[in-house]
Amino acid sequence: GVQRSMLRGLPDLIQYLSQKIADGRLRAVHPVLALQMLAGPLVAHELTRPLAALVGFDASREAVADQVAALWLIAMAPERSLDAEPT
């Protein structure tokens with residue numbers, strides 16, 4: 001089923017993220033956390049979509065995915081270290 005096909009693709013995605021992190025193209029975090037930070041908001045959106053509609057949020061799934069991906073790329077930018085002291 002769906003879970004089995006997700007499990008087949010997961011190692012490839014983790015490897016892809018690992019390589020981008022190693023290359024310095026993404027922030028140095030564990031690749032599983034990077035994946036969770038991308039997938040989590042999408043899952044949360046799907047779970048709360050009916051509630052969001054009650055308050056007038058009617059963005060398409062595609063628009064939400066685009067915005068989440070854009071925000072994820074900002075969060076994953078390698079410029080700042082998570083270990084750095086706040087300024």
Side-chain angles (χ1 to χ4, degrees):
V2 171
Q3 190 175 21
R4 187 175 307 170
S5 54
M6 283 177 54
L7 288 176
R8 278 195 305 254
L10 194 58
D12 291 336
L13 182 53
I14 296 297
Q15 178 59 37
Y16 174 80
L17 291 171
S18 295
Q19 189 60 53
K20 296 299 177 191
I21 291 166
D23 292 345
R25 296 181 56 102
L26 293 175
R27 186 180 299 274
V29 299
H30 196 284
V32 171
L33 180 58
L35 174 61
Q36 290 171 335
M37 293 301 297
L38 179 59
L42 296 172
V43 171
H45 172 71
E46 283 301 311
L47 291 174
T48 61
R49 194 168 176 83
L51 295 173
L54 291 176
V55 295
F57 184 78
D58 62 353
S60 70
R61 285 178 170 92
E62 182 178 87
V64 169
D66 287 347
Q67 288 182 0
V68 168
L71 291 167
W72 183 84
L73 288 170
I74 292 167
M76 290 300 297
E79 288 89 40
R80 295 185 342 190
S81 168
L82 290 176
D83 297 328
E85 291 294 321
T87 56

Residues which pass side chain to side chain contact (heavy atoms under 4.5 Å, CB included) with [X], listed by chain and number, not counting sequence neighbours:
| X | answer |
| --- | --- |
| Pro31 | Ile14, Leu17, Ser18, Ile21 |
| Ala63 | Ala59, Ser60 |
| Leu73 | none |

Check your understanding: How would you list all residue pairs meeting salt bridge (charged side-chain N to carboxylate O under 4.0 Å, His left out) that involve residues 29-43, not counting sequence neighbours?
Key -> none

Practice item. Apply side chain to side chain contact (heavy atoms under 4.5 Å, CB included) to Tyr16 and Leu35, showing your working. Key: CA-CA 11 Å; Tyr16 174 80; Leu35 174 61; over 6 Å; no

Exercise for review: List for me each residue that meets side-chain hydrogen bond (donor to acceptor under 3.5 Å, both in side chains) alongside Glu46, sequence neighbours excluded, and say none if there are none.
Suggested key: Arg61

**Study point:** Non-neighbouring partners of Asp23 that pass side-chain hydrogen bond (donor to acceptor under 3.5 Å, both in side chains), sequence neighbours left out
**Key:**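 Listed in chain order: Gln19.
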
Point to revise | Remaining members of hydrophobic cluster (4.5 Å side-chain criterion), Val55 | key: none

Practice item. Before giving the answer on side chain to side chain contact (heavy atoms under 4.5 Å, CB included), spell out for Trp72 and Leu42 the whole-Å C-alpha distance, their side-chain angles and the decisive distance to 0.1 Å. Key: CA-CA 11 Å; Trp72 183 84; Leu42 296 172; over 6 Å; no

**Study point:** Closest approach of Pro41 to Gln36 (non-hydrogen atoms, all atoms of both residues)
**Key:** CD-O, 4.1 Å

Practice item. Would you indicate whether Met76, at its atom CE, is surrounded by more than 12 heavy atoms from other residues, nucleotides or ligands within a distance under 6.0 Å? Key: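 Check passes, neighbour count above 12.
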
Review point. What pairs of residues pass the side-chain hydrogen bond (donor to acceptor under 3.5 Å, both in side chains) test when at least one of them lies in residues 47-56, not counting sequence neighbours?
Key: His45-Arg49

